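Proteins get letters first, then strands, A, B, ... in listed order; numbering begins at 1 in each. These figures come from a predicted structure and were not determined experimentally.
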Protein chains: 2
Amino acid sequence: MPDTVRIETAKAETTTFREVMAEIIQRITEGPWGPGSLLPGEVELAEEFGVSRTTMNRALREVSELGFLDRKRKAGTRVRMAPIRQARFEMPLVRAEIEKTGAAYRYQLVSRDVILAPDWLRERMRLKARARVVHLLCLHFADGVAFQLEDRWINAQALPLATEQDFSAVGPNEWLVATVPFSEVEISFLAQAADAQMVAHLGHAPGDPVFCSERATWWQNAAVTLVTLAHRRGYRMTTRY
Amino acid sequence: MPDTVRIETAKAETTTFREVMAEIIQRITEGPWGPGSLLPGEVELAEEFGVSRTTMNRALREVSELGFLDRKRKAGTRVRMAPIRQARFEMPLVRAEIEKTGAAYRYQLVSRDVILAPDWLRERMRLKARARVVHLLCLHFADGVAFQLEDRWINAQALPLATEQDFSAVGPNEWLVATVPFSEVEISFLAQAADAQMVAHLGHAPGDPVFCSERATWWQNAAVTLVTLAHRRGYRMTTRY
DNA sequence: TAGTGGTCTAGACCACACA
DNA sequence: GTGTGGTCTAGACCACTAC
C-alpha cells in the first residue's frame, strides 16, 4: 500500500520547467532572493524542487535569458542588481502587418534609379569607391491609405540582379527575402523630421516628427541593402510581456 | 585496433547543438530548405547529424526562436515564408548606460507633485476615479550635458511609500526597481514633437522630432508607474545580430 | 487515431573561472 | 586544484493536432 501511494504521489507531482521558472521568479521578485544574492547550485535546487538537474538547468537558463539572473561557471548563479529590461519587437513584412489588421494591402513603386553611391551611403554601408546602387522609393497602402514609405538602397555590385528587376509589381523587400540571405543585421529606431517625400506621400506636415526604422544588412561582409521605413503619423512600436 | 580507432573517432565527432544550429540555418538560407519547405522529423534529423534527439530538439528550438522555423506538433517543422525579423533591445538603467561610456552621471529632480490623475492618465494606466498620483520630472546628465528627460507618474494608491519619498537624491527609476516588482510591462517607442519641457531641458528647438520610449508597468493588475523618457537630439536605439 | 514536437529523467563528461 | 554551470546521451511518456 505505501508503495502504491508513493507511486501515485510521484505521478501527481510532475513538475514542469515552467512551474520551476515561475517559482524562481517569484522568489526573486518577492521572496528571499533579493538583488545580488547568490542562489544555491543547480544540483541542490534540483533536489529541493524534486526535478532532475536537466530540468532545473533549463528553468535557470530561461529565467536568466529573461534578464533576472547572471550565471557564471564556478561563480554560481546570482540575481542581477537591476534586471535587464529587454524589449523584443517582431517586425514582419509590411504586407503581413497590414493584412493582419484585415485591411487590403497595395504596393506602389514611386521611383527607381541606378546611380553612383553618394559619400554618406558608401560610408554607411561600407561600400567601395565608385560603387553603383539601386535607389528605390516605394509606398505601402492599407485600404488605400498610405501606411509606410520605404526608401531603399541596394548594392548593385553584390546583387547585379537588382539592376534588372523593375520592382513595379513586387516590392524590393519581398524580392530580397526570397533572393538573398543575410549574415549581419543592424536595426535602428529613430525620430526624424518629415522631409519633402514624407510630406508628399504620407500626409505629414513639413518638419513633423516621424518614427522611422532603419535596417542595414550584410551577407558575407558585403553590404546588401539599407532601408529606411518612415511610418504614418502617430505610429508606435509596441511590445508587451 | 578497429575498436580503438572507432572510439577515438567517436570522441572527436562530438557535435554541439550550436554546430547543428549553424548547419540548419545554412540549409535554410542557402541550401535545400527553401521558404515553406517541410523539414524531416526530429528523430530522422538526429540520426542524420549523429546527435541525440535531445540535442536536435534544442537546436531546432533555438533556430525556431530566431524566427526561421515554425514548429507544430503533428504538422512538423516548416521554414517560415518570410523569416520574422526580430529586434531585441536591452534597456539598462540610464546610470549604467551613461557610465558605460565613461562619462560621469548626474541626476537632478526638476519637479515633484502629488495630484489627482488627469483623465488621459487614468485611462492609460487603468486607474480608478479620483486616483492620486505622484508626478515627477527628472533629468539625467552625462558629463554635465542633459542626456535624458524623465517624465514619470506613480500610482500613489498602489505605492503609498512614493508620496513620502522626495526623490531629490535618488532617481525614481532606481528607487522603483529596488522597491517593487512588476508582472506586466508595456514598452513603446515613438517620435514626438519637442514640447516646452524638452526645449527647456534637453536643448531641442520647439517642434523638433524627439525619440521617446514609454514604459508602463503593472503589478498584480494594479498600475505601478508610467514613464516617458525623452532622449537627446539624434538619439538612436540600435541593435545588431 | 496516429504522428509529431514538448518535456522529463538519470547519468556522464567537460570547460571555465576562481582560489 | 576544484566547484560550478554547459552540454550530450538514451530512453521514455505525453499533448497537441492534422488527417
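Rounded to an integer number of Å, the gap from B:Glu47 CD to D:dG11 C1' is 15 Å. Note: CD (A:Glu44) to P (D:dG5) measures 10 Å, nearest angstrom. One interatomic measurement links the two molecules: CD of B:Glu19 to P of D:dT7, which rounds to 12 Å at whole-angstrom precision. B:Arg58 has its CZ atom 8 Å from the C1' atom of D:dG6, to the nearest Å. In this structure, CG of B:Leu60 is placed 10 Å from C1' of C:dG5, rounded to the nearest angstrom. Spacing between atom CD of A:Glu62 and atom P of C:dG6 amounts to 12 Å, rounded to whole angstrom units. When rounded to the nearest whole Å, the span between CE of B:Met56 and C1' of D:dA10 equals 15 Å. The distance from atom CZ of B:Arg78 to atom C1' of C:dG3 is 14 Å, rounded to the nearest whole Å.
Under the rule for a ring-ring contact (aromatic ring centres under 6.0 Å, His included), A:Phe147 has no partner lying at least two apart in sequence or in another chain. For the side-chain contact (heavy atoms from CB on, under 4.5 Å) test, no residue two or more places apart in sequence or in another chain qualifies with B:Ala22. B:Arg73 pairs by the salt bridge (charged side-chain N to carboxylate O under 4.0 Å, His left out) definition with nothing, not counting sequence neighbours. Residues that satisfy the side-chain hydrogen bond (donor to acceptor under 3.5 Å, both in side chains) test with B:Ser37, not counting sequence neighbours, are absent from this structure. With sequence neighbours excluded, the residues forming a salt bridge (charged side-chain N to carboxylate O under 4.0 Å, His left out) with B:Glu23 are B:Arg27, listed by chain and number. Looking at residues two or more places apart in sequence or on another chain, you find a side-chain contact (heavy atoms from CB on, under 4.5 Å) between A:Thr54 and A:Ser52. Applying the side-chain contact (heavy atoms from CB on, under 4.5 Å) test to A:Val145 and every residue at least two apart in sequence or in another chain returns nothing.
With salt bridges taken as basic N to acidic carboxylate O contacts below 4.0 Å, none links B:Arg236 and A:Glu186. Using a 4.0 Å cut-off between charged side-chain N and carboxylate O, A:Glu184 and A:Arg126 make a salt bridge.
Of all nucleotides listed (D:dC8, D:dA10, C:dC8), D:dA10 comes nearest to the side chain of B:Thr54. Of the candidate nucleotides C:dG6, D:dG6, C:dC8, C:dG6 has the atom lying nearest to any side-chain atom of B:Arg71. Closest contact between the side chain of A:Ser52 and the listed nucleotides C:dA10, C:dT7, D:dT9 involves C:dA10.
A:His140 and A:Tyr105 have parallel rings, their planes meeting at less than 30° on a 0 to 90° scale where 60° marks the start of perpendicular.
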*Dot-bracket line, read 5' to 3' along DNA chain C, where crossing pairs take [ ] and | marks a partner on another strand, Watson-Crick or G-U under 3.5 Å*: ||||||||||||||||||.
Could you go through nucleotides 12-19 of chain D and list every protein N or O atom that sits under 3.5 Å from one of its N or O atoms, giving the distance for each pair?
{"residue": "D:dA12", "atom": "N6", "partner": "B:Arg53", "partner atom": "NH2", "Å": "3.1"}
{"residue": "D:dA15", "atom": "N3", "partner": "B:Arg73", "partner atom": "NE", "Å": "3.2"}

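Applying the 4.0 Å criterion to OP1 and OP2 of D:dG5, one finds that A:Thr77 has a side-chain N or O inside that range. Contact between the side-chain N/O atoms of B:Asn57 and the OP1/OP2 oxygens of C:dG6 is found at a separation under 4.0 Å. OP1 or OP2 of D:dT7 lies within a sub-4.0 Å distance of a side-chain N or O belonging to B:Arg18.
The residue among A:Arg61 and A:Gly76 whose nearest nucleotide of DNA chain D lies closer to the 5′ end is A:Gly76.
Within the structure, every pair that satisfies the salt bridge (Lys or Arg N to Asp or Glu O under 4.0 Å) test and touches residues 49-59 of chain A, not counting sequence neighbours, is listed here: A:Glu42-A:Arg53, A:Arg58-A:Glu62. Annotation: salt bridge (Lys or Arg N to Asp or Glu O under 4.0 Å) contacts involving residues 98-108 of chain A, sequence neighbours excluded, comprise A:Arg95-A:Glu99.
Within residues 32-42 of chain B, no residue has a heavy atom under 4.0 Å from DNA chain D.
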